[in-house]
Number of protein chains: 2
Amino acid sequence: MIHVTATTPPRTRLTPDERRSQLLDLGVRLLAVRSLEELSIDVIADEAGISRGLLYHYFGGKQGFYEAVVQRAADDLFEQTAPPPEGEPLDRLLVSLTGYVDYVVANTAGYRSLVKAASGSNESLSAIYETTFAALADRFFTADPDGLVLQDTPPVRLIIHAWQAMVEDLVLTWIDDPAGLTRDDLLHVITGSLPAIGSLLP
Amino acid sequence: MIHVTATTPPRTRLTPDERRSQLLDLGVRLLAVRSLEELSIDVIADEAGISRGLLYHYFGGKQGFYEAVVQRAADDLFEQTAPPPEGEPLDRLLVSLTGYVDYVVANTAGYRSLVKAASGSNESLSAIYETTFAALADRFFTADPDGLVLQDTPPVRLIIHAWQAMVEDLVLTWIDDPAGLTRDDLLHVITGSLPAIGSLLP
DNA sequence: TCATTCTATTGACAGATATTCAATAGTGGC
DNA sequence: GCCACTATTGAATATCTGTCAATAGAATGA
């Protein structure tokens, strides 16, 4: 581990992988404190103790850096909510959903920034978000390949997409003000609402 | 360059109300084409045929202008989805929800920009969005003051908030790809899902 | 009609941020 | 220890936001 003091600016030379990884970690970490727009090149460079030019060398520009950071945050979310490899399909989904709630609780600020970044103006950032949540939706079909619970059809995809938006809002709003609901109450609403909404399809 | 050959810009002088109104209209109109971040002071000033300085004079800055434009768009939404003054409570709500769907269909790009702006980093823009949707939620209670359908409690507010997020996502996603669902199918899901989710509360 | 006053409007200027690129300096190979 | 390679820098440029004293259109009063 290399210790860099704030007073002396020694030019530390890392391998491209190390440097890239360091900057992405820093970006994700700062994303929990500042929003993406406040995450200027200057701020990152100062915080990492490098020059602005280096960020451009690695990520091409602000946009490229944002994309890499958001992708990293999305990957974190996806990995940390992975369902267990064994078990009954419904159980595995329940564990995964519980993991999602716990992840958002433990990482609220960062998750909020991720959502903001995705909903923001940029096309490629939205694409990262959409791809991630489509992959999360896939778990409903891979966990139950026979389609006993849900069949992979366009209307069902539509419903799952909207249900995901609801769950996201529900968890984030609940964190701000639980309104008397326990974590288990919340999970009951989350798990019960998907079949309830699905049954409304023609 | 001092000598301007082609067109001498005629400085048109309006009353403050007229000018303010003109700029807000232009802002809302451009919001349907460009996102809020692309709506720079320069763009607005050019499009309106005025100087940058004037925008600062009227709105204090980019932030103030954004707030005014978003507030205007939110007001439009609220007014154009007003429920009819007479009728059965459930009928009035159904008309209002139908009006919401039709508004988003007719004004998709603008509504998307509104959502993006609200989800964006800024605190005061989010507040405008939240206040507007809280006012929309109020309609559930003012339409049915006796609370026969829903009672105004924190858990119910939480559910309505999440349900609104779902409806918003549902309509916007449906517009992109109806997935075989008709407008009536969509409204059936929308209207049926709120009591379905509400019944999951402890 | 003309002069005067008020203020809507402008344009030049300053500061911050994004981006580029030739020059610099670690680090590994010989 | 020398050399080649390339990670890294810092100065220069461009674009955007924000400020403010100066300008000019329009109403008022004679």
Side-chain angles (χ1 to χ4, degrees), chain A residues 2-27 30 34-70 117 120-122 124-125, chain B residues 1-27 30 34-69 117 120-122 124-125:
Chain A
I2 300 172
H3 188 72
V4 179
T5 61
T7 51
T8 58
R11 175 188 282 202
T12 54
R13 182 191 175 110
L14 302 180
T15 68
D17 279 351
E18 284 174 333
R19 181 65 79 190
R20 196 182 163 82
S21 189
Q22 174 211 352
L23 294 175
L24 285 183
D25 282 344
L26 179 62
L30 287 183
R34 320 173 189 226
S35 75
L36 199 64
E37 281 123 45
E38 293 169 324
L39 216 59
S40 71
I41 298 290
D42 284 329
V43 167
I44 294 288
D46 277 355
E47 209 82 27
I50 61 167
S51 67
R52 281 190 300 277
L54 198 57
L55 262 163
Y56 283 90
H57 177 254
Y58 277 104
F59 300 101
K62 195 174 71 162
Q63 178 61 24
F65 182 66
Y66 286 175
E67 289 174 17
V69 169
V70 169
S121 60
N122 199 276
S124 45
L125 295 185
Chain B
M1 206 164 294
I2 297 177
H3 191 69
V4 178
T5 54
T7 52
T8 53
R11 173 189 285 200
T12 53
R13 180 190 176 113
L14 303 180
T15 68
D17 279 351
E18 285 173 333
R19 183 63 80 188
R20 196 182 164 81
S21 189
Q22 174 211 351
L23 294 175
L24 284 183
D25 283 344
L26 178 64
L30 287 183
R34 319 172 190 226
S35 74
L36 199 63
E37 280 123 45
E38 293 169 325
L39 216 58
S40 70
I41 299 289
D42 283 330
V43 167
I44 293 286
D46 277 355
E47 208 83 26
I50 61 168
S51 66
R52 279 194 303 280
L54 198 57
L55 261 163
Y56 284 89
H57 177 253
Y58 276 104
F59 300 101
K62 197 172 71 162
Q63 178 60 26
F65 182 65
Y66 285 174
E67 288 174 17
V69 169
S121 60
N122 201 275
S124 45
L125 295 185

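Letters A, B, ... are given to chains in the order of the sequence lines, protein chains preceding strands, and every chain is numbered from 1.
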[atom1]/[X] to [atom2]/[Y] distance, rounded to the nearest 0.5 angstrom?
{"X": "L55(B)", "Y": "F65(B)", "atom1": "CG", "atom2": "CZ", "answer": "5.5 Å"}
{"X": "I41(B)", "Y": "S51(B)", "atom1": "CD1", "atom2": "OG", "answer": "11.0 Å"}
{"X": "K62(A)", "Y": "E37(A)", "atom1": "NZ", "atom2": "CD", "answer": "8.0 Å"}

Shortest side-chain distance from [X], nucleotide among [options]:
{"X": "H57(B)", "options": "dT17(D), dT9(C), dA18(C)", "value": "dT9(C)"}
{"X": "R52(A)", "options": "dT17(D), dA12(D), dT10(C)", "value": "dA12(D)"}
{"X": "Y56(A)", "options": "dC16(D), dT8(D), dT19(C)", "value": "dT19(C)"}

Nearest whole Å is fine: how far is [N] [atom2] from [X] [atom1]?
{"X": "Y66(A)", "N": "dT17(C)", "atom1": "OH", "atom2": "C1'", "value": "10 Å"}
{"X": "I44(A)", "N": "dA18(C)", "atom1": "CD1", "atom2": "P", "value": "11 Å"}
{"X": "E37(A)", "N": "dT17(D)", "atom1": "CD", "atom2": "P", "value": "13 Å"}
{"X": "L55(B)", "N": "dT19(D)", "atom1": "CG", "atom2": "P", "value": "13 Å"}
{"X": "F59(A)", "N": "dT20(C)", "atom1": "CZ", "atom2": "C1'", "value": "18 Å"}
{"X": "K62(A)", "N": "dC16(D)", "atom1": "NZ", "atom2": "C1'", "value": "11 Å"}
{"X": "Q22(B)", "N": "dA8(C)", "atom1": "CD", "atom2": "P", "value": "15 Å"}
{"X": "D42(A)", "N": "dT9(D)", "atom1": "CG", "atom2": "P", "value": "14 Å"}

Y58(B) side-chain N/O to dA8(C) phosphate OP1/OP2 under 4.0 Å: no
Would you give a per-nucleotide map of nucleotides 24-30 of chain C, 5' to 3', where B means the base has a protein non-hydrogen atom under 4.0 Å away, S means only the sugar-phosphate does, and - means neither? BSBS---
Could you point out which residue of L39(A), D42(A), L30(A) forms a side chain to side chain contact (heavy atoms under 4.5 Å, CB included) with E47(A)? L30(A)
Tell me what S51(B) touches on the nucleic acid: a base, only sugar-phosphate, or nothing, going by heavy atoms under 4.0 Å. base
Pick base, sugar-phosphate or nothing for I41(B), based on heavy-atom distances below 4.0 Å to the nucleic acid. sugar-phosphate
Contact check, side chains of [X] and [Y], non-hydrogen atoms, under 4.5 Å:
{"X": "Q63(A)", "Y": "N122(A)", "result": "yes"}
{"X": "L23(B)", "Y": "L54(B)", "result": "no"}
{"X": "V69(A)", "Y": "F59(A)", "result": "no"}

A117(A) and L36(A) have their tightest heavy-atom pair at CB-CD2, 3.5 Å
Identify all side-chain donor-acceptor contacts of residues 12-21 of chain B below 3.5 Å with residues at least two apart in sequence or on another chain.
{"unit_1": "T15(B)", "atom_1": "OG1", "unit_2": "E18(B)", "atom_2": "N", "d": "3.2"}
{"unit_1": "T15(B)", "atom_1": "OG1", "unit_2": "E18(B)", "atom_2": "OE1", "d": "3.3"}
{"unit_1": "E18(B)", "atom_1": "OE1", "unit_2": "T15(B)", "atom_2": "N", "d": "3.2"}
{"unit_1": "R19(B)", "atom_1": "NH1", "unit_2": "Q22(B)", "atom_2": "OE1", "d": "2.7"}
{"unit_1": "R19(B)", "atom_1": "NH2", "unit_2": "T12(B)", "atom_2": "O", "d": "2.7"}
{"unit_1": "R20(B)", "atom_1": "NH1", "unit_2": "Y58(B)", "atom_2": "O", "d": "3.4"}

Per the end-axis method with five pairs at each terminus, what is the bend angle of the helix from dT1(C)-dA30(D) to dC30(C)-dG1(D), to 10°? 0°
